[in-house]
Amino acid sequence: MREISDIDRMRSWRDGLWADCSVGLVPTMGHFHRGHLSLIRRARVENDQLAVSIFVNPIQFDQQEDYRKYPRDHQRDRQLAQREGVNALFTPDEAELYPSGYSSYVEVEGLTDCLCGAARPGHFRGVTTVVSKLFNILRPHRAYFGKKDYQQYRVIQRMTRDLNFDTQVVGCPTVREENGLAMSSRNQHLTPGQREAALALYRALQRGRRMIEQGRRDPAAIERAMRQLIDEQPQVQVDYLQVRDAVDLSHPGEVAGEALLAGAVYVSSTRLIDNVVVKI
Ligand code: PAF
């Protein structure tokens with residue numbers, strides 16, 4: 001495995017690959033858990049060469065404290081990447097991606113106005129900017145994103161289409177712990193009691209799913225029932241809990257087609273998100 005931290009050397013690695021070599025990219029912020037490994041494993045089997053990037057992207061954090069606290073473990077990540085058969089590990093630092101005088105950003109309108117976009121101003125602008133830079137540097141045929149960050153997946157898919165990147169955006173299923181808690185780097189901030197409490201989000205989404213499966217179509221009633229379950233758990237505060245159209249993320253008058261049930265909660269100061277998609 002090559003570990004590369006500068007853009008020119010990363011481009012040379014890419015330019016040096018044979019003509020019809022397929023290239024997969026898994027963009028990450030490091031601190032790998034089983035969710036990342038599932039993306040890496042899928043990308044490994046679907047591509048001739050696999051690049052993984054690790055960069056805790058400062059411009060997608062709306063709070064400095066969250067950026068500072070974001071877990072990092074480079075040694076362990078490097079070992080895991082090596083073991084999973086990654087060919088190139090791209091580990092730029094902030095000055096490499098955002099040198100002084102940096103002033104260009106990529107923004108997707110509409111899809112970013114709601115859910116995490118509304119709750120975290122500037123977050124998706126940071127994500128789409130860094131992902132476009134990675135796509136330009138690595139020119140991957142396929143790039144892999146977890147559907148736990150469902151809105152991010154849709155926003156990147158739209159950006160890729162709108163800006164004509166020659167990359168297929170592959171959305172991968174959320175990996176969960178045995179009890180249902182979605183894997184997240186942020187879970188490590190939780191005490192065992194908080195982990196248990198955090199399950200309220202998963203249970204609320206499952207309650208919403210069951211209601212739709214039983215024929216309920218009123219988004220407001222489903223949102224109320226989901227919220228009720230979380231309100232019973234004093235350690236968990238709702239940031240948002242909504243029913244949306246799973247394709248364009250609009251607020252449906254009535255649940256139809258593919259529905260997204262999406263939630264974000266705070267457990268103490270740790271923000272967790274999760275979602276389920278229900279096909280009708
Ligand atoms: O999902 C993430 O870890 C990040 O948002 C991403 C896509 C690597 C961009 O920094």
Side-chain angles (χ1 to χ4, degrees), residues 5 7 10 24-40 42-43 50-64 66-74 76-77 80-81 84 86 88-94 96-98 102 104-108 111-112 115-117 119-138 140 142-160 163 165 167-175 182-189 262 264 270-275:
S5 55
I7 294 171
M10 199 64 243
L25 169 66
V26 181
T28 80
M29 299 207 295
H31 205 265
F32 295 160
H33 50 66
R34 283 201 287 120
H36 296 108
L37 296 183
S38 77
L39 304 181
I40 292 174
R42 175 153 175 200
L50 173 58
V52 171
S53 62
I54 299 181
F55 178 63
V56 183
N57 178 31
I59 67 165
Q60 72 184 73
F61 286 83
D62 51 324
Q63 300 202 2
Q64 195 52 33
D66 192 22
Y67 172 64
R68 206 187 48 74
K69 257 182 37 180
Y70 199 84
R72 294 155 167 94
D73 191 345
H74 186 66
R76 182 173 163 275
D77 288 347
L80 287 169
E84 296 297 330
V86 173
L89 190 64
F90 184 39
T91 54
D93 64 12
E94 189 177 342
E96 186 67 9
L97 286 188
Y98 305 118
Y102 187 89
S104 302
Y105 298 89
V106 175
E107 201 151 350
V108 173
L111 281 182
T112 58
L115 306 175
C116 284
R120 303 179 65 193
H123 168 66
F124 285 117
R125 177 184 191 251
V127 170
T128 44
T129 298
V130 80
V131 171
S132 342
K133 287 168 73 73
L134 294 169
F135 282 7
N136 281 326
I137 295 164
L138 280 146
R142 298 184 194 86
Y144 297 80
F145 298 89
K147 286 192 180 166
K148 185 191 69 104
D149 301 306
Y150 188 85
Q151 187 178 16
Q152 167 174 284
Y153 158 65
R154 283 288 184 210
V155 167
I156 291 171
Q157 211 177 31
R158 177 70 60 85
M159 173 195 82
T160 304
L163 298 183
F165 282 107
T167 297
Q168 185 194 337
V169 174
V170 183
C172 303
T174 303
V175 176
M183 292 275 171
S184 164
S185 302
R186 292 194 165 92
N187 291 352
Q188 75 140 37
H189 298 313
T270 303
R271 187 171 184 279
L272 303 172
I273 62 172
D274 198 358
N275 68 81

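All ligand and atom numbering here is 1-based and tracks the order in the structure. Treat the numbers as computed from the prediction; the structure is a model and nothing was measured.
Contacts between Thr28 and ligand 1 below 4.0 angstrom, taking non-hydrogen atoms only, involve the backbone exclusively.
Ring planes of Tyr70 and Phe61: perpendicular class, angle over 60° (limits at 30 and 60°). Ring-plane geometry between His36 and His33 is classed as tilted, the angle between the planes lying from 30 to 60 degrees on a 0 to 90 degree scale.
The atoms of ligand 1 that sit less than 4.0 Å from any heavy atom of Val130 are 9 (C), 10 (O).
Looking only at protein heavy atoms, the nearest one to atom 9 (C) of ligand 1 is Gln60 OE1, 3.4 Å. The nearest heavy-atom contact from the protein to atom 3 (O) of ligand 1 is Met29 CG, 3.6 Å. Nearest to atom 5 (O) of ligand 1 among the protein's heavy atoms is Gln152 OE1, 2.7 Å.
In this structure, Arg72 forms a cation-pi arrangement with Tyr67, its terminal cationic atom sitting closer than 6.0 Å to the ring centre and no more than 45° off the ring axis.
Proximity of a side-chain donor or acceptor of Lys148 to a complementary backbone N or O of Ala182 within less than 3.5 Å is not detected.
Residue Ile156 forms a side-chain contact (heavy atoms from CB on, under 4.5 Å) with just one option from Asp149, Leu111, Val127, and that option is Val127.
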